[in-house]
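Taking it in order: structure first as structure tokens, then the write-up.
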Amino acid sequence: MTTFAELGVDQDIVDVLASKGIVDAFPIQEQTIPLGLPGQDIIGQAKTGTGKTFGFGIPVVQRLGPNPEPGVKALIVVPTRELAVQVYEDMDMLTSGRSTSVVAIYGGKAYEGQIDQLKAGAQIVVGTPGRLIDLNNQRLLDLSSAVEVVLDEADKMLDLGFLADIEKIFTKVAPVRHTQLFSATMPGPIVALARRFMSNPIHIRATDPDEGLTQANIQHLVYRAHSLDKDEVIARILQADERGKTVIFTRTKRAAQRLSDELGDRGFNTASVHGDMSQEARERSMAAFKAGKKDVLIATDVAARGIDVDDVTHVINHTIPDDEKTYLHRAGRTGRAGKTGIAVTFVDWDDLHKWALINRALDFGQPEPTETYSSSPHLFTDLNIPEGTKGRLTTAPRAQAAETSKPRSDSGSAENGGRRRRSRPEQSAREPQPIAEHGGATVAAPEGAGTHDGGGSEHHDGNAAPRRRRRRRGGARTGGGAPAA
DNA sequence: AAAAAAT
């Protein structure tokens, strides 16, 4: 491990970091800080939760000098308002030992405070594209002296939805500048595109290419979700012991709101964040989740990237994301800074092709999911997060495979929830059907599951949450056969 | 096709 001081970081910054208990640099920081400090353009790629923000942030602060003149010298562009707040806080911390001031510029908030801070001479601007351009158009934000430019989540910023804004912003900043692009995911075509805005950039990958992009300390579980009551299964996951905070991702804003209400009704401590909420409510949710006042956050992909919350042990994909990049970023809300985490994904019938895509792109090595098997209703209460788990997806245990899947028994299976007898294919219809695991540990214990059957001895036996059954739409499908991909 | 991002 290298210390920040050894990397050439100024003493006041070293002191500030030390006061937060941060002494050793992460690999991406070891690699990019010595290059960023003298002004090398960088495309920095490192896995989720491994310290990219300081990788670009420290050189930005240091290069402005201890007493920069008033006026915008540095611009950091991010894809969401919440990430703007977070990066603002990090930069504010890094600059706390010097006179440099930082301002967050993003929409959904009053103009006044932001404009005041700009007029007061803020040197570092962290913002989202819309409001940045808005204020620039109003001549309230002069970017012409911005000599430090960073795109955080750079591949997202250069994506179609943002590219025009980013191109415009690059016409406004200083032509001779230091430019840094950071992300966990940097597809080749995006790197090629990025070079247009940079000068002789060096591409730093703080990962072993053979290792792929997935975090070794995140265990990935994938379940077929058809004929599965996802609300019920998610409720069970939330009752598992050894759970810290949990982020649940949905595909749509409406689904996020519905699930948040539903789990809230069931007695869980939920908060939500999505684009249909007021900015004030969004920030209240994030603050409560970070502070631990709420331990379940239901979110759209607005929270998929960059958001750093301590002690998130579980990420649940209520709906599988569309592509491997989003999968990686969502899962990356857990397993940060060396900790372990679990990512659980539910794959709906119509989405099996997305799983195939992700499976292939992330090299999970799992064959197409053509089998189902029933698993313990205690599956999620038995989860232990294995240390340093790593490796390819293991094939689903065949012993339990229900090759001839029966029509689901559709009696009141939810009635006794997790109390049902288990390990019977006949009863599997509404139980989680794992199709893959990544991480090495066998989590579903089809044969030996009995050891955990406490017959009521468990402390997580459902009473934690008031039960209130509400049937989701019919959804009776006969499971089993290999779906057409 | 959804979500995000200005009002």
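Keep in mind it's a predicted model, so treat the numbers as computed, not measured. Note on naming: letters A, B, ... go to the chains in the order of the sequence lines (proteins, then strands), and numbering restarts at 1 for each one.
To the nearest angstrom, C1' of dA2(B) lies 10 Å from CZ of R330(A). Atom CZ in R282(A) sits roughly 6 Å away from atom P in dA4(B) (whole-Å rounding). In this structure, the CZ atom of R81(A) is 9 Å from the P atom of dA4(B), given to the nearest Å. The distance from atom NE2 of H329(A) to atom C1' of dA4(B) is 14 Å, rounded to the nearest whole Å. In this structure, CG of L160(A) is placed 14 Å from C1' of dA1(B), rounded to the nearest angstrom. Spacing between atom CG of D159(A) and atom C1' of dA5(B) amounts to 13 Å, rounded to whole angstrom units. The distance between atom NZ of K253(A) and atom C1' of dA4(B), rounded to the nearest whole Å, is 8 Å. Rounded to whole Å, the distance from CD on Q138(A) to C1' on dT7(B) is 10 Å.
The side chain of R131(A) lies closest to dA6(B) when the candidates are dA3(B), dA6(B), dA5(B). Among the nucleotides dA5(B), dA6(B), dA3(B), the one closest to the side chain of E82(A) is dA5(B). Closest contact between the side chain of D134(A) and the listed nucleotides dA6(B), dA1(B), dA2(B) involves dA6(B).
Residue pairs meeting the salt bridge (Lys or Arg N to Asp or Glu O under 4.0 Å) criterion with at least one partner in residues 157-180 of chain A, sequence neighbours excluded, are E167(A)-R196(A).
H329(A) and T185(A) form a side-chain donor-acceptor contact under 3.5 Å, judged by distance and modelled atom types alone.
Annotation: side chain of Q239(A) is in contact with side chain of F268(A) (closest heavy-atom distance under 4.5 Å).
If you check every strand for non-hydrogen atoms under 4.0 Å, G161(A) touches a base. Y111(A) comes within 4.0 angstrom of the backbone, heavy atoms only, and of no base.
Applying the 4.0 Å criterion to OP1 and OP2 of dA4(B), one finds that T300(A) has a side-chain N or O inside that range. When the side-chain nitrogen and oxygen atoms of T128(A) are compared with OP1 and OP2 of dA6(B), one or more of them lie within a distance under 4.0 Å.
Note: F170(A) and F197(A) have parallel aromatic rings, judged against thresholds of 30 and 60 degrees for the angle between ring planes.
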Using distance only, find each side-chain donor-acceptor pair of residues 41-59 of chain A under 3.5 Å and give its atom names and separation, not counting sequence neighbours.
| residue | atom | partner | partner atom | Å |
| --- | --- | --- | --- | --- |
| D41(A) | OD1 | T179(A) | N | 2.8 |
| D41(A) | OD2 | S199(A) | N | 2.8 |
| Q45(A) | OE1 | H203(A) | NE2 | 3.0 |
| Q45(A) | NE2 | A184(A) | O | 3.3 |
| K47(A) | NZ | E211(A) | OE2 | 2.5 |
| K47(A) | NZ | T214(A) | O | 3.0 |
| T50(A) | OG1 | K47(A) | O | 2.7 |
| K52(A) | NZ | A46(A) | O | 2.9 |
| K52(A) | NZ | K47(A) | O | 3.1 |

